[in-house]
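Each remark here refers to the structure printed beneath this line.
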Amino acid sequence: MTELLVISGKHAGKTLSLPDRDIVIGRDKSCQILLASQDISRRHCLLRPSLNGLFVTDLGSRNGTFVNKRRIEEETMLRPGDVLTLGPLSFKLPRPAISSISDNSEDVRIASWLSDGYTPAAAKGDTAVIDILSIPEAGDEPPLNGSPK
């Protein structure tokens with residue numbers, strides 16, 4: 001399961017847990033994650049988890065989809081520490097916690113983790129999980145996301 005940390009908006013500091021399947025973000029009721037801002041297109045972007053990581057694709061949105069302040073034009077892999085911005089909302093793909101780095105990890109991964117001073121949000125005790133595991137299949141009425149359960 002992939003998580004995104006909400007870093008802007010009224011839910012800043014909370015964690016969004018994504019199921020292991022494609023997720024469409026937008027204002028349309030058919031989207032799995034609904035965002036109410038007029039700066040978000042009806043079908044803004046697609047998040048696609050894979051064994052290699054989380055990929056994001058802009059779906060022809062009016063205001064664009066940005067990764068690290070750069071507008072993306074094609075499917076882009078989000079790497080730990082990357083910031084995804086949709087209109088006024090930003091999300092960060094957290095860096096892995098120390099417990100997720102195995103003894104066989106490359107020294108480069110360990111060195112980068114140690115050098116950036118990252119503290120997992122869950123360790124701070126100031127976040128809540130927004131559970132969207134009950135995201136409906138196509139045609140079902142989606143839950144109102146954006147508010148913690």
Side-chain angles (χ1 to χ4, degrees), residues 1-102 104-106 108-110 112-113 116 118-123 127-149:
M1 182 178 306
T2 304
E3 294 183 339
L4 289 175
L5 177 64
V6 181
I7 60 174
S8 69
K10 68 180 182 179
H11 296 290
K14 295 184 180 173
T15 301
L16 184 64
S17 297
L18 304 173
D20 293 326
R21 63 183 171 102
D22 290 0
I23 302 292
V24 176
I25 299 176
R27 290 187 344 239
D28 192 86
K29 289 182 181 181
S30 68
C31 295
Q32 288 79 33
I33 299 178
L34 296 171
L35 300 175
S37 172
Q38 290 299 314
D39 292 327
I40 304 293
S41 294
R42 285 181 179 85
R43 291 179 45 86
H44 198 96
C45 69
L46 171 74
L47 298 178
R48 183 180 62 82
S50 78
L51 294 176
N52 297 323
L54 182 64
F55 289 85
V56 61
T57 303
D58 184 78
L59 296 176
S61 66
R62 181 182 68 232
N63 292 323
T65 300
F66 296 81
V67 174
N68 299 328
K69 298 184 181 180
R70 298 180 91 169
R71 188 174 188 149
I72 62 168
E73 302 295 331
E74 57 189 30
E75 183 176 66
T76 302
M77 184 171 146
L78 292 177
R79 302 187 188 288
D82 282 351
V83 175
L84 171 65
T85 303
L86 315 169
L89 302 170
S90 293
F91 307 89
K92 186 173 188 175
L93 185 64
R95 297 185 189 281
I98 193 166
S99 62
S100 67
I101 298 176
S102 70
N104 297 328
S105 298
E106 299 171 328
V108 171
R109 287 182 60 206
I110 294 171
S112 67
W113 181 84
D116 68 6
Y118 173 73
T119 303
T127 62
V129 174
I130 301 171
D131 181 14
I132 60 169
L133 290 177
S134 60
I135 292 176
E137 297 297 327
D140 291 344
E141 191 66 27
L144 293 176
N145 289 322
S147 60
K149 288 185 177 180

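Screening residues 43-67 for salt bridge (charged side-chain N to carboxylate O under 4.0 Å, His left out), with sequence neighbours left out, gives Arg48-Glu75.
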What verdict does the side-chain hydrogen bond (donor to acceptor under 3.5 Å, both in side chains) test give for Asp28 and Ser30, after you've listed the backbone C-alpha separation in whole Å, the side-chain angles of each residue and the deciding distance to 0.1 Å?
CA-CA 5 Å; Asp28 192 86; Ser30 68; 2.6 Å; yes
Begin from the C-alpha positions of Leu78 and Thr2 and carry the test side-chain contact (heavy atoms from CB on, under 4.5 Å) through to its verdict.
CA-CA 11 Å; Leu78 292 177; Thr2 304; over 6 Å; no
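Take Thr76 and apply the side-chain hydrogen bond (donor to acceptor under 3.5 Å, both in side chains) test, not counting sequence neighbours, and it matches no residue.
At distances below 3.5 Å, at least one donor-acceptor pair connects side-chain atoms of Asn63 with backbone N or O atoms of Asp39. With hydrogens and angles disregarded, a donor-acceptor distance shorter than 3.5 Å links the side chain of Gln32 to the backbone of Val24. Not a single donor-acceptor pair under 3.5 Å links the side chain of His44 to the backbone N or O of Gly60. The backbone N or O of Pro88 lies less than 3.5 Å from a partner atom in the side chain of Ser8, making a donor-acceptor pair.
Looking at heavy atoms from C-beta onward, Leu54 lies in side-chain contact with Leu4 at the 4.5 angstrom threshold. Side-chain atoms of Asp22 and Pro49, non-hydrogen and from C-beta on, do get closer than 4.5 Å to each other.
Atom OG of Ser37 is separated from atom CG of Leu89 by 6.5 Å, given to the nearest 0.5 angstrom. Rounding to the nearest 0.5 Å gives a distance of 8.0 Å between CD1 of Ile40 and CD1 of Ile25. Interatomic distance, CG of Leu5 versus CZ of Phe91, reported as 10.0 Å (0.5 Å rounding). We find the OG-CG distance between Ser41 and Leu35 to be 11.0 Å, quoted to the nearest 0.5 Å. Thr65 OG1 to Leu46 CG: the interatomic distance, rounded to the nearest 0.5 Å, is 10.0 Å. Atoms OG1 and NZ, on Thr15 and Lys92 in that order, are 12.5 Å from each other to the nearest 0.5 Å.
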Which donor-acceptor pairs under 3.5 Å do side chains of residues 66-74 form with protein atoms, sequence neighbours excluded?
residue, atom, partner, partner atom, Å
Asn68, OD1, Val83, N, 2.8
Asn68, ND2, Asp82, OD1, 2.8

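Nearest heavy atom pair, residue Ala36 against residue Arg27, reads O-CD, 4.3 Å. Between Arg95 and Pro80 the shortest heavy-atom distance is NH1-O, 3.4 Å.
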